[in-house]
Amino acid sequence: MKPLNTIVQENRVVGEIANGLPLTIPVYRLKGSGTGPSVYIQANMHGAEVQGNAVIYQLLELLKHLPLNGDITLVPYANPIGCNQKSGEFTLGRFDPITGTNWNRMYHDHTDLLDDFLLNHSHLDDSALKSRFKRLLIEQSQKRLDGPANHLTTGKRIALNLQRLAHEADIVLDLHTGPISTKHLYCPLYAQESARYFDIQNVLLIPEGFGGAMDEACFCPWWQLSSALQAKGRDFDVAVEAFTVELGSQEKIDLREAKDDARGILSYLAHKEVIVSSEFKPRKMKRFGCYLKDYEAFYAPMGGMVEYTAPLGEPIPAGTTIAHILRMERYLSEQPLNVISIDKPAIPILHFASASVNQGTELYKFFTNYFEL
Ligand SMILES: [Zn+2]
């Protein structure tokens with residue numbers, strides 16, 4: 001079938017490596033009619049979290065045949081260092097190996113722009129205010145990239161390049177995975193209604209606050225703008241929605257699963273009228289919400305060899321066994337098998353990828369005090 005839309009590729013240089021070669025990322029663009037919101041989707045900021053690339057593949061396969069209202073930009077391999085950072089047969093790439101900083105904590109915080117912007121532009125109507133603020137975020141990101149090269153770390157340069165692209169969009173999706181994980185969605189509180197359109201059962205609701213991640217870099221400025229205007233008695237909806245979509249486990253490509261994930265994303269984009277299609281509807285499912293403050297880490301109470309037994313993604317009652325920790329050096333002297341249980345109702349979301357753990361390793365993360373969305 002002849003595609004309806006043309007896909008254009010640009011290779012964006014985001015740095016240089018030691019032998020002088022450029023670090024590049026592929027940027028794919030599809031043009032819409034200009035009547036709907038624009039979208040930015042990136043994947044693989046963390047090296048081992050490769051499934052998002054497959055989801056972008058499936059999205060491109062579907063999007064080229066769909067009528068589009070909004071422009072769509074897709075960036076696989078968003079971090080060209082991360083996915084190449086191997087140790088033996090495994091991929092590392094969660095942290096910059098030189099500085100130890102998480103690759104997804106280096107985006108720029110634009111908070112300092114707000115007061116000045118409000119002082120000079122509060123008189124504009126909603127639509128003009130939105131386009132002026134969007135332009136400011138793009139310009140300020142570009143200004144940092146064009147500034148003295150000695151001011152930017154490797155990771156900050158990559159992040160600013162991505163952020164510069166993401167600020168053009170009204171909708172931003174950053175595709176990640178957990179270590180061994182069920183699907184879950186990081187959703188800002190104000191966008192809770194939108195969470196129903198993704199085919200993702202477990203939704204983490206996050207408050208306003210900037211910790212350096214891509215989703216926050218995209219929604220925080222707009223959330224702050226909306227709150228500041230609200231304080232002055234003016235209603236101005238948060239104009240941008242941004243989510244971190246956690247697709248499952250790392251180190252795994254599953255093309256059929258990726259097609260389902262792509263269809264889930266298109267269901268949300270159809271709801272937002274980015275694409276013109278009645279084909280993509282959210283699946284009926286029980287959805288659970290959990291506030292970020294109730295997203296609990298469970299650290300290994302002892303070192304040892306772990307059998308993980310909690311069913312990921314499903315509610316479990318208090319007292320459920322979540323792991324067996326084997327301590328073979330105790331076989332003759334004490335009990336070698338230790339049963340680990342959780343003392344409250346919870347939904348297990350993800351667990352550590354390895355079966356050997358030190359005392360204090362983050363064994364699991366759980367939704368607690370969860371509720372039906
Ligand atoms: Zn990640």
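Numbering of ligands and ligand atoms starts at 1, following listing order.
- Shown are F298, Y364, Y299; of these, the ring-ring contact (aromatic ring centres under 6.0 Å, His included) with H351 is made only by Y364.
- Looking at K281 and S267, their side chains never bring a donor and an acceptor atom within 3.5 Å of each other.
- Clustering ILVMFWY residues whenever any of their side-chain heavy atoms sit less than 4.5 angstrom apart, transitively, puts L68 in the very cluster that holds L173.
- No more than 12 heavy atoms of other residues, nucleotides or ligands shown are found within 6.0 angstrom of NZ on K252.
- Within the sub-2.8 Å shell of the Zn ion (ligand 1), the protein contributes these N/O/S atoms: H46 ND1, E49 OE1, E49 OE2, H176 ND1.
- Residues that satisfy the salt bridge (charged side-chain N to carboxylate O under 4.0 Å, His left out) test with D254, not counting sequence neighbours, are absent from this structure.
- Defined by atom type and a distance below 3.5 Å, a donor-acceptor pair is present between the side-chain atoms of T35 and N69.
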